[in-house]
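Note that ligands are numbered from 1 as they come in the structure, with each ligand's atoms numbered from 1 the same way.
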Amino acid sequence: MYKELCSLRFKNGELDDLRTRLLADLNHEQFAILLGKTEDAGGIKIVTVREVIYPSKCDIEESSIVSLRINRTFVAETLHQINERLDVDTYIEVHTHPFSTDNTALSGIDDIDERRFSDYIAKEWPGIEYASVVLSQNMYDARLWRCGRKCYIEAAIKTQLTCEAI
Ligand SMILES: [Zn+2]
């Protein structure tokens, strides 16, 4: 069967900065929102990261070593911003699993939360794409959700230096 591909592209250094900043605290899960643009290049979805938004303390309602709850107002305001802008159309949620070194240990709760959020996006923000990234101390998992279809495409992260290769 035809397998869809997705490439999530960062500017050189941007992913390292994100990792360094979010994983500085290994006692709490942390998050950031990336604003991106998704394009279809011959069947391959290319998501280019245009901006990184780090939350302030009040945007996190609850955070422990194994859980995280983001303030809903912050999420809604960010989605609204994407909707208003022409240069971005993709909401990319990044969160850490600081308890895990190699495997990202993407959890069943993450799956349920993300699927629910992808349904919400399909319903309330139909022009917006949704992707997610989980960072463990050394690895990542990234996906582009097919909003409203309860499934996703696995994404490979590329930085600008290697962006010629898919
Ligand atoms: Zn998680």
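Within the sub-2.8 Å shell of the Zn ion (ligand 1), the protein contributes these N/O/S atoms: His95 NE2, His97 NE2, Asp110 OD1, Asp110 OD2.
A salt bridge is absent between Lys11 and Asp17: the closest approach of a Lys/Arg side-chain nitrogen to an acidic carboxylate oxygen does not fall below 4.0 angstrom. Using a cutoff of 4.0 Å between basic side-chain nitrogens and carboxylate oxygens, Asp87 and Lys37 are not scored as salt-bridged.
Of the inter-residue distances, the one linking Leu68 atom CG with Glu93 atom CD reads 8.0 Å to the nearest 0.5 angstrom.
For the pair Leu79 and Tyr120, the minimum side-chain heavy-atom distance is below 4.5 Å. Residues Leu18 and Phe10 form a side-chain contact, since some pair of their non-hydrogen atoms from C-beta on lies under 4.5 Å apart.
Ser132 and Glu114 share a donor-acceptor pair across their side chains, judged by distance under 3.5 Å alone.
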